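Worksheet: the structure to be examined is printed underneath.
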Amino acid sequence: MTATETTTEQVPTNAATTDVHGNPLSVARPPSFATPAEERAHRKAKLAAAFRMFSRAGLDEGVAGHITVRDPEAPDTFWVNPFGTHFSQIRSSDLVRVNEDGRVVEGGRMVNGAAVAIHCAVHAARPDVLAAAHAHGPAGKTLSSLEMSIEMLTQDACAFHDDIGVYDDFTGVVLDSEEGRRIAAALGTRKAVILRNHGMLTVGTSVDSAAWWFLTLERTAQCQLNAYAAAAGLGRPPRQISPEAAKQTYDVVGYEFAGWFQFQPIWERISREQPDIFD
């Protein structure tokens, strides 16, 4: 069954649900849609907003990077950014729809070959995944060049506790569908994978969660690198969070609704400040 932008876990686990009088408190929840066309427009606007967020966060580097989302009516196809368009300029109408063979079926613009090789394989291997994100962030690239994965050094790192893989075989720019399948295998059932000497990739059951997981993973990598640099001066390694505490924290910050929810303030800001994402 293909993923849809819904979840049964639609209340933050660390939030009160009623006031002192027992009245229910409102909170943002994933939307429902009357028609596939309405849902498609929403997904595309969220995708455009995710690219704008990546640009603001310094996750744009030339023509590298791509985020994808399945089409609600044809879930064996996905929407992706056109090759060579700056993340900060992407609108809904700029997006291109590609089938599982990597052929453009709607949009009329060229698509990055690496986006096709990686994302086609990930979407094919993970029917539960609605969206996937990859970019060449500086911290992610640096961490990917070291013989380490994400360590449980901070609360935010715990979102990836036992939930990140490593693809340990860099062979050049990913243009081969077979290598895309190997990356998908390294991702497995997890939400993220480190691509050795390359960068990182995240997935989610919404554009929101996939984009948020990538942003917080990039920042987590940066904090880990900083921690080890500071630790070298102290002469002792950074302090690790215990597996028990990491698992407990994961249950609060690492599940899909938590990722979706974290993106909502970003969505509100971008959709209000840059309404051309809907064009």
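Along the sequence shown, the residues carry numbers beginning at 1. These numbers were taken from a predicted model, which means no experiment stands behind them.
Closest approach of Val203 and Trp213 over heavy atoms only: O-CD1, 3.3 Å. Scanning all heavy atoms of the two residues, the minimum distance from Ile90 to Ala48 falls at O-CB, 3.7 Å. For Glu38 against Ser32, the heavy-atom pair with the smallest separation is OE2-O, 4.1 Å. Nearest heavy atoms, Ser92 versus Ile277: OG-O, 2.5 Å. Considering every non-hydrogen atom in both Phe257 and Pro30, the closest pair reads CE1-CD, 3.6 Å. Closest of all the heavy-atom pairs between Gln224 and Ser149 is NE2-O, 2.9 Å.
There is no path of hydrophobic side-chain contacts, each under 4.5 Å, that joins Leu130 to Val96. Val116 and Leu95 sit in two unconnected hydrophobic clusters of ILVMFWY residues. Membership requires side-chain heavy atoms under 4.5 Å apart, directly or through other members. Follow the hydrophobic side-chain contacts under 4.5 Å out from Phe83 and you never reach Leu59; the two are in separate clusters. Clustering ILVMFWY residues whenever any of their side-chain heavy atoms sit less than 4.5 angstrom apart, transitively, puts Leu47 in a cluster other than the one holding Val63. There is a path of hydrophobic side-chain contacts, each under 4.5 Å, that joins Met148 to Ile241.
A salt bridge is defined here as a Lys NZ or Arg NE, NH1 or NH2 lying under 4.0 Å from an Asp or Glu carboxylate O, and Asp208 with Lys46 meets this definition. Look at Arg190 and Asp163 and you find no salt bridge, because none of the NZ, NE, NH1 or NH2 atoms lies under 4.0 Å from a carboxylate O. Ion pairing of Arg52 with Asp276 is present here, as a side-chain N (NZ or NE/NH1/NH2) and a carboxylate O approach within less than 4.0 Å. Salt bridge Glu218/Lys141: absent, no basic N to carboxylate O contact under 4.0 Å.
Under 3.5 Å, the side chains of Asp60 and Ser55 contain a donor-acceptor pair of N or O atoms. No side-chain donor from either of His134 and His119 sits under 3.5 Å from a side-chain acceptor of the other. Between the side chains of His161 and Thr249, no donor-acceptor pair is found at a separation under 3.5 Å. Between the side chains of Thr205 and Glu256, at least one donor N or O lies within less than 3.5 Å of an accepting N or O. Judged purely by distance below 3.5 Å, without hydrogens or angles, the side chains of Arg196 and Ser145 never pair a donor atom with an acceptor atom.
In this pair, Trp267 and Phe278 present their aromatic rings perpendicular. The plane angle is above 60°, beyond the 30 to 60° band. Using a 30° and 60° split on the angle between ring planes, His123 and Phe78 fall in the parallel class, below 30°.
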Task: salt bridge (charged side-chain N to carboxylate O under 4.0 Å, His left out) assessment of Glu151 paired with Arg239 - done: CA-CA 10 Å; Glu151 298 181 3; Arg239 181 174 178 175; over 6 Å; no
TODO: Would you sort out whether Ile67 and Val80 count as a side-chain contact (heavy atoms from CB on, under 4.5 Å), showing the intermediate values?
DONE: CA-CA 6 Å; Ile67 314 174; Val80 65; over 6 Å; no
Open item on the list: Using the rule given for side-chain contact (heavy atoms from CB on, under 4.5 Å), can you reason through Val122 versus Leu187, listing the C-alpha separation, both sets of side-chain angles and the distance that settles it, and then say yes or no?
Closed with: CA-CA 8 Å; Val122 168; Leu187 172 68; 4.0 Å; yes
- [ ] Please step through side-chain contact (heavy atoms from CB on, under 4.5 Å) for the pair Thr202 and Leu217, ending with a clear verdict.
- [x] CA-CA 9 Å; Thr202 57; Leu217 181 58; 3.8 Å; yes
Open item on the list: Using the rule given for side-chain contact (heavy atoms from CB on, under 4.5 Å), can you reason through Phe263 versus Met53, listing the C-alpha separation, both sets of side-chain angles and the distance that settles it, and then say yes or no?
Closed with: CA-CA 10 Å; Phe263 186 77; Met53 179 194 79; 3.7 Å; yes
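If you look at Phe54 and Phe214, their ring centroids are closer than 6.0 Å.
Checked against salt bridge (charged side-chain N to carboxylate O under 4.0 Å, His left out), Glu268 has no partners two or more places apart in sequence or in another chain.
Of the possible donor and acceptor atoms, none in the side chain of Lys191 sits under 3.5 Å from a partner among the backbone N and O of Tyr255. At least one donor-acceptor pair under 3.5 Å links the side chain of Arg70 to the backbone N or O of Pro75. Side-chain N or O atoms of Arg126 include one that pairs as donor or acceptor with a backbone N or O of Gly188 at under 3.5 Å. When atom types are taken as modelled, the side chain of Asp94 and the backbone of Arg91 share a donor-acceptor pair closer than 3.5 angstrom. Between the side chain of Ser144 and the backbone N or O of Ile194, no donor-acceptor pair lies under 3.5 Å. Side-chain atoms of Gln264 never come within 3.5 Å of backbone atoms of Ala28 as a donor-acceptor pair (strictly under, hydrogens ignored).
A salt bridge (charged side-chain N to carboxylate O under 4.0 Å, His left out) with Asp71 holds for exactly one of Arg43, Arg40, Lys44; it is Arg40.
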Throw together a table of side-chain donor-acceptor distances under 3.5 angstrom for residues 98-107, partners on residues two or more places apart or in other chains.
from   : atom 1 : to     : atom 2 : distance (Å)
Asn99  : OD1    : Asp101 : N      : 2.9
Asn99  : OD1    : Gly102 : N      : 3.1
Asn99  : OD1    : Arg103 : N      : 2.9
Glu106 : OE1    : Arg97  : NE     : 3.0
Glu106 : OE1    : Arg97  : NH2    : 3.1

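With a 4.5 Å cut-off on side-chain heavy atoms, His66 and Ile118 count as touching.
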